[in-house]
Each structure stands twice: as C-alpha cells, then as structure tokens.
Amino acid sequence: MEPYQAIRLRFEEPICHITFNRPEAKNTITARLIEECHHALRTYGEKATVVVLEGSPEVFCFGADFASMRQAAATGGSFEPEGPGPLYDLWLQLATGPYITVAHVRGAANAGGVGFVAASDIVVADATARFSLSEMIFGVLPACVLPFLIRRIGYQRANYMTLMTQPIGVEQAAHWGLVDAHEPDSQTLLRKHLLRLRRLSKPAVARYKRYNGELAGFLRQWRGTALAANVDAFSDKQNMEGIFRYVDTGKFPWEP
C-alpha cells in the first residue's frame with residue numbers, strides 16, 4: 001500500500017511499534033487508520049513477538065473522527081464504507097494475534113481509544129492518562145468496545161463507564177484492571193517491560209495467544225451483536241444530527 005499516513009511504523013526485531021499519527025485530530029480513528037493498522041499487522045505480525053501501540057504525549061486516541069463523519073455525510077459518502085467490522089476485527093486481532101500487544105497510554109483515551117486499550121494484553125500508562133466512554137452523550141453506544149472492555153474490567157465497571165461518560169484517572173483505571181502498570185515516567189516503564197517481553201520466544205507467545213483466544217472465545221461470539229448494535233445507533237438520524245451539530249458548533253445535544 002501507499003506509505004503510511006495515519007500511523008507511524010517502526011520494526012525493531014522482535015518489536016513492532018505502531019504510533020497513531022493524527023495529532024491534529026486527536027489521533028481519532030478513520031477508515032485509513034484502521035486499514036493501515038491491519039496492513040502493519042499482516043506485514044509484521046508473524047515476525048513480531050511484541051506489538052506496541054502509542055499515541056502522542058497528549059492524546060492516545062480519542063475515538064471516531066466526528067469531523068470525517070460530517071464531511072462524508074456532506075459529500076454523500078460513508079465514513080466506514082465497510083461498516084464497523086474492520087475496527088472490531090482489528091481489536092480482535094490485537095487480542096488474539098500471535099504477539100503480545102502493549103498499549104502505552106499518555107493523555108486521553110476516549111471511546112474507540114479505550115477499545116485499543118482494552119484489546120491489548122498489557123497496558124502501561126503515565127500520570128496524565130485518563131479513560132472515558134463518551135458515546136452516550138450523543139445517543140450512540142460503545143457497542144464494539146464493550147466486549148473487550150468487559151473482558152478487562154468486568155460488566156458492572158464497563159456499564160458504569162458507559163453510563164457516566166466521564167473520564168477516570170490512571171489510579172482508578174489501575175484499580176479496576178484497565179491499566180497494568182503506571183509511573184510518572186512511562187517511557188522508562190515501557191522500556192522495562194519490553195526488556196523482559198523481548199526475551200520470550202515467538203512460538204511460546206503464539207501458542208499462549210491461541211490458548212488465550214480460546215478462553216476468550218466470547219469476543220468472536222459477540223461480534224455480530226456488537227456490529228448490529230453499532231449500526232443501529234449510528235443509523236439513527238437524530239443521533240447523527242447531534243453529532244454533526246457538535247462538529248459545527250461545539251455544542252452538546254442538550255445545549256440550546
């Protein structure tokens with residue numbers, strides 16, 4: 001494919017670094033970002049023992065790109081030409097692929113950004129990390145995020161995050177199991193993790209992830225339900241009008 005635009009890629013055997021590279025748009029998720037992540041995993045997934053996901057120091061990933069959705073609607077196109085399936089399948093690949101997935105979170109992880117975090121095997125973060133599900137503010141649901149988040153932190157905590165829509169800090173996220181380790185200097189923390197993880201053999205990691213994927217088989221079983229719920233919520237004209245109004249004016253749906 002063309003040179004990567006939405007991500008930066010660095011492969012230092014046996015570690016593949018994928019960095020979301022849309023800082024001007026808070027590293028929000030577009031069809032291209034999803035496609036490039038899939039391509040990177042197809043290219044290096046069989047070689048890598050570890051895949052590291054990062055954003056910028058200020059924002060890990062802020063979820064769907066509402067501005068791109070607005071632009072696509074204005075031109076008669078579709079923000080997700082293939083629907084939500086490719087994004088769900090990307091998270092499924094991160095959760096079950098033959099490598100250890102490490103999310104390095106600094107700043108905000110919101111909505112679909114939490115999906116990347118929840119799909120990862122290990123999450124390290126710094127003191128600025130915060131996590132939120134803002135979808136219900138706009139009448140939509142974190143439908144595709146929830147199977148992965150429930151696997152990580154349990155049903156009721158995922159339910160609470162969905163309904164409250166407000167961010168939780170890194171201490172609470174660690175208490176709930178969404179973050180595995182955190183320090184003010186997360187770069188040093190990440191290096192310490194990678195020094196140990198890189199010693200593991202690729203066959204052992206692949207074998208473990210296959211087994212782990214069988215234990216978490218519900219992620220595949222819930223795929224159809226999650227995609228249908230996502231499509232239903234984003235097909236609601238009132239929800240989309242609220243999202244587009246927010247893009248145009250910065251006002252939430254309840255504001256006059």
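The structure displayed is predicted, hence computed values, not measured ones.
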L189 backbone acceptor or donor facing S186 side chain under 3.5 Å
no

From I153 CD1 over to H175 NE2, what is the distance, rounded to the nearest 0.5 angstrom?
11.0 Å

Once rounded to the nearest 0.5 Å, what's the spacing between atom CG of N110 and atom CD of E135?
6.5 Å

Taking the side chain from R151 and the backbone from A118, do they hold a donor-acceptor pair closer than 3.5 Å?
yes

Evaluate whether atom CZ of F218 has more than 12 neighbouring non-hydrogen atoms of other residues, nucleotides or ligands under 6.0 angstrom away.
yes

Would you name the heavy atoms of A158 and L133 that are closest together and state the gap between them?
O-CD1, 4.4 Å

Sequence neighbours left out, what pairs pass side-chain hydrogen bond (donor to acceptor under 3.5 Å, both in side chains) with at least one residue falling in residues 240-256?
R70-D248

State whether the side chain of K202 and the backbone N or O of A48 hold a donor-acceptor pair below 3.5 Å, judged by distance alone.
yes

Gap separating the CH2 atom of W91 from the CG atom of D89, nearest 0.5 angstrom:
11.0 Å

Cluster check L33, L41: I/L/V/M/F/W/Y, side chain < 4.5 angstrom:
yes

Before giving the answer on side chain to side chain donor-acceptor pair (under 3.5 Å), spell out for D126 and T128 the whole-Å C-alpha distance, their side-chain angles and the decisive distance to 0.1 Å.
CA-CA 6 Å; D126 73 3; T128 68; 2.7 Å; yes

Joint cluster assignment, L90 & I29, ILVMFWY side-chain distance < 4.5 Å
yes

Could you give the distance from CD1 (I122) to CG (L190), rounded to the nearest 0.5 Å?
10.0 Å

Taken to the nearest 0.5 Å, the spacing of H38 NE2 from T43 OG1 works out to 12.5 Å

Check whether any side-chain N or O of H104 sits under 3.5 Å from a backbone N or O of L53 as a donor-acceptor pair, and report yes or no.
no

Heavy-atom closest contact (M136 atom, T162 atom, distance)
CG-O, 3.5 Å

Strictly distance-based, threshold 3.5 Å: is any side-chain N or O of N27 a donor or acceptor partner for the main-chain N or O of R22?
yes

With side-chain contact (heavy atoms from CB on, under 4.5 Å) as the test, would you mind laying out the steps for F66 and F244 before giving the verdict?
CA-CA 7 Å; F66 282 177; F244 296 159; over 6 Å; no

Looking at E36 and Q5, would you say the former's side chain and the latter's main chain have a donor-acceptor pair under 3.5 Å?
yes

Check this for me, if you would: do E214 and R210 make a salt bridge, where the nitrogen-to-carboxylate-oxygen distance has to be below 4.0 angstrom?
no

Provide the closest heavy-atom pair for P84 versus V231 in the form atom of the first, atom of the second, distance.
CD-CG2, 3.8 Å

If every non-hydrogen atom of L219 is compared with every non-hydrogen atom of A95, which pair is closest and at what distance?
CD1-CB, 4.1 Å

Distance flag, aromatic centroids of H39 and Y4, threshold under 6.0 Å
yes

V117 reachable from I18 in the ILVMFWY side-chain graph, under 4.5 Å edges
yes

Does atom OH (Y160) have a neighbourhood of more than 12 heavy atoms from anything else shown, all under 6.0 Å?
no

Any donor-acceptor pair under 3.5 Å linking the side chain of R152 with the backbone of G177?
yes

Please tell me whether Q93 and Y99 have a donor and an acceptor in their side chains that are separated by less than 3.5 angstrom.
yes

Is D65 paired with K26 through a side-chain N to carboxylate O contact shorter than 4.0 Å?
no

Atom CG of L227 and atom SG of C144: how far apart are they, to the nearest 0.5 Å?
5.0 Å

Residues forming a salt bridge (Lys or Arg N to Asp or Glu O under 4.0 Å) with D185, sequence neighbours excluded
none

Heavy atoms, side chains only, cut-off 4.5 Å: are H17 and F11 in contact?
no

Identify the heavy atoms of L94 and D121 that sit nearest to each other, and give their distance.
O-OD2, 4.2 Å

Excluding V59, membership of its hydrophobic cluster (Ile, Leu, Val, Met, Phe, Trp, Tyr; side-chain heavy atoms within less than 4.5 Å) reads F62

For G55 and T19, the nearest pair of non-hydrogen atoms, with its separation, is O-CG2, 3.8 Å

One pair to check against side-chain contact (heavy atoms from CB on, under 4.5 Å): Y44 and V51. What are the steps and the verdict?
CA-CA 9 Å; Y44 295 101; V51 173; over 6 Å; no

Please say yes or no: joined through hydrophobic side-chain contacts below 4.5 Å, possibly via intermediate residues, are V114 and L141 part of one cluster?
no

Can you confirm whether or not the ring centre of F148 sits under 6.0 Å from the ring centre of F116?
no

Is a donor on one side and an acceptor on the other found under 3.5 Å between the side chain of S120 and the backbone of T101?
no

Group every Ile, Leu, Val, Met, Phe, Trp and Tyr by side-chain heavy-atom contacts under 4.5 Å, then state whether L149 and W222 land in the same group.
yes

